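One structure is given here, and the rest of the page talks about it.
Remember, predicted model here, so these are calculated numbers, not experimental data.
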Amino acid sequence: MDTLTRMRAFIDVVEAEGFSAAARRTGRSKALLSKYVRELEDDLGALLLNRTTRQFSMTEAGHTYYRTAADILKEIDNLADLVRENNADLKGRLRVSVPRTFVDAEVGQSLIDFAKGHPEVSLEIVAEDRFVDLIEENFDLAIRITKLEDSGLIARKLSDFRVYAVATADFVAQYGPLEHPQGLNRVPFIIDTNSRWHNNVRFTDKDGSTISVAVSGPIEINSPQATLRAARAGLGVAIIPDFIANSSIQSGELVTLFDDYIAKDRGIYAVYPHRRYLPAKVRSFVDFLSAWFRRQPH
């Protein structure tokens with residue numbers, strides 16, 4: 001029995017969290033998977049799994065082996081993907097980390113459109129507002145809305161992106177004039193707790209320096225969509241992404257503030273681990289999103 005088959009059996013058991021679950025998922029018998037894992041351990045001369053009648057756990061050697069073996073098998077699968085790319089339709093599972101902000105907004109339609117156009121790809125969207133570890137958590141790629149920082153990841157910009165400081169015209173008439181960001185420390189502010197700065201809002205002065213303003217207000221929300229509704233209700237000033245705020249700004253329901261003090265160096269990026277063989281399904285997904293954003297009027 002070849003090493004790759006045993007290696008794949010071990011990874012299937014670990015990722016399914018048990019021999020029985022792995023057997024159901026792979027269509028192989030529990031006894032066969034157990035045999036492959038035992039043979040792998042014999043070849044390595046090390047115990048990879050601690051087994052009991054009720055549960056199993058990885059040994060330290062098992063953790064070490066799993067991390068490297070999973071990468072090796074992914075590279076092998078990616079290479080096969082690359083060879084088959086021109087001869088077959090895209091297939092397989094694509095696991096993507098996406099901010100809730102993206103999924104819940106109109107731009108989230110891009111994900112639905114990709115799934116509709118590629119029925120052979122099983123698209124798993126994990127929506128959460130944190131930077132996941134793509135390799136450790138087994139993601140193929142992530143969508144990130146940010147100022148891109150240096151990292152060991154490969155990034156492709158899908159679209160420009162900025163935020164707006166907004167409020168209703170009535171709110172500005174009541175609390176204005178609001179001509180400089182420092183004025184926010186004396187008016188109600190709607191705090192989006194997804195923000196990295198939380199109760200301190202940061203702007204960029206005309207000389208490039210950072211302006212930090214302490215803010216407070218009647219409501220704190222971890223949803224840009226709900227923040228938008230609160231701003232439209234006149235509860236305060238809010239910082240909202242352009243792809244959520246645009247329609248309310250264009251309709252006149254909200255007005256923008258401090259435009260000259262808001263950085264415009266943000267973007268929407270697709271990021272993925274540096275791999276020798278980039279899977280065709282990842283490349284096609286990123287190409288699709290890039291083209292989708294180019295077709296949008298705003």
Side-chain angles (χ1 to χ4, degrees), residues 99-107 128-131 143-151 155 157-269 271 293 296 298:
R100 286 190 181 92
T101 301
F102 187 99
V103 171
D104 293 340
E106 291 182 10
V107 290
E128 52 187 340
D129 295 311
R130 66 182 179 92
F131 279 13
I143 304 299
R144 291 185 176 166
I145 306 170
T146 184
K147 176 182 179 181
L148 193 66
E149 306 291 348
D150 291 337
S151 72
K157 190 174 186 179
L158 302 175
S159 176
D160 291 324
F161 159 76
R162 63 167 294 174
V163 297
Y164 288 108
V166 296
T168 63
D170 288 344
F171 181 92
V172 175
Q174 179 181 354
Y175 289 95
L178 294 172
E179 299 175 350
H180 190 276
Q182 290 292 357
L184 288 176
N185 60 17
R186 61 175 178 80
V187 304
F189 190 89
I190 303 163
I191 297 171
D192 182 350
T193 54
N194 284 320
S195 168
R196 182 186 305 179
W197 311 115
H198 200 67
N199 292 82
N200 284 277
V201 184
R202 295 199 169 189
F203 295 86
T204 301
D205 209 341
K206 295 174 183 178
D207 62 2
S209 61
T210 298
I211 303 170
S212 181
V213 185
V215 294
S216 61
I219 187 169
E220 298 184 6
I221 320 173
N222 68 339
S223 162
Q225 293 282 3
T227 300
L228 175 68
R229 291 194 291 272
R232 289 191 308 213
L235 290 180
V237 177
I239 302 292
I240 304 177
D242 56 0
F243 54 81
I244 291 177
N246 275 338
S247 60
S248 294
I249 293 170
Q250 290 162 11
S251 70
E253 194 171 12
L254 294 174
V255 297
T256 63
L257 306 166
F258 322 125
D259 287 350
D260 293 338
Y261 297 92
I262 295 179
K264 301 176 179 64
D265 57 352
R266 279 26 176 194
I268 301 175
Y269 293 89
V271 299
F293 275 100
Q296 303 312 303
H298 304 294

So, Asn185 side chain and Ala214 main chain: donor-acceptor pair closer than 3.5 Å or not? no

At their closest point, which heavy atom of Ser223 faces which heavy atom of Asp192, and how far apart are they? N-OD1, 3.9 Å

Distance (rounded to the nearest 0.5 Å) between Thr256 OG1 and Arg162 CZ: 7.5 Å

Is there side-chain contact between Leu228 and Ser248, with heavy atoms separated by less than 4.5 Å? yes

Minimum side-chain heavy-atom gap Leu235-Phe171 below 4.5 Å: no

Return the CG to CD1 distance between Asp242 and Ile145, rounded to the nearest 0.5 Å. 9.0 Å

State, to 0.1 Å, how close Ala230 and Ile190 come at their nearest heavy-atom pair, and which atoms those are. C-CD1, 3.5 Å

Minimum heavy-atom distance Phe203-Tyr261, with the two atoms named: CB-O, 3.2 Å

Could you tell me the separation between the CG atom of Leu257 and the CD atom of Glu179, rounded to the nearest 0.5 Å? 10.5 Å

How close do Gln225 and Ala105 get, counting heavy atoms only, and between which atoms? NE2-CA, 3.6 Å

Do Val237 and Tyr175 have side-chain heavy atoms sitting under 4.5 Å apart? no

Of all heavy-atom pairs between Ala238 and Ala231, which one has the smallest distance, and what is that distance? CB-CB, 4.1 Å

Are side-chain N/O atoms of Asp207 and Ser209 paired as donor and acceptor at under 3.5 Å? yes

Report the C-alpha separation of Glu220 and Asn199 in whole Å, then their side-chain angles, then the decisive distance to 0.1 Å, and conclude whether the side chain to side chain contact (heavy atoms under 4.5 Å, CB included) test is met. CA-CA 10 Å; Glu220 298 184 6; Asn199 292 82; 4.0 Å; yes

Is any side-chain heavy atom of Ile244 closer than 4.5 Å to a side-chain heavy atom of Thr227? no

What I'd like to find out is whether the side chain of Arg232 reaches to under 4.5 Å of the side chain of Leu254, using heavy atoms alone. yes

Do Asp260 and Lys206 come close enough that some side-chain heavy atom pair is under 4.5 Å? yes

Please report the interatomic distance NZ(Lys157) to CZ(Arg266), rounded to the nearest 0.5 Å. 11.0 Å

Is any side-chain heavy atom of Val107 closer than 4.5 Å to one of Gln296? no

Heavy-atom neighbours of Glu128 CD exceed 12 at 6.0 Å: yes

Any side-chain heavy-atom pair of His180 and Val213 under 4.5 Å: no

Would you call the rings of Phe102 and Phe243 parallel, tilted or perpendicular if under 30° counts as parallel and over 60° as perpendicular? perpendicular

How long is the straight-line distance from OG of Ser216 back to CZ of Arg186, given to the nearest 0.5 Å? 13.0 Å

When every non-hydrogen atom of Ile262 is compared with those of Ala165, the smallest separation belongs to CD1-N, 3.6 Å

Could you grab the distance from atom CG of Leu184 to atom CG of Asn200, nearest 0.5 Å is fine? 11.5 Å

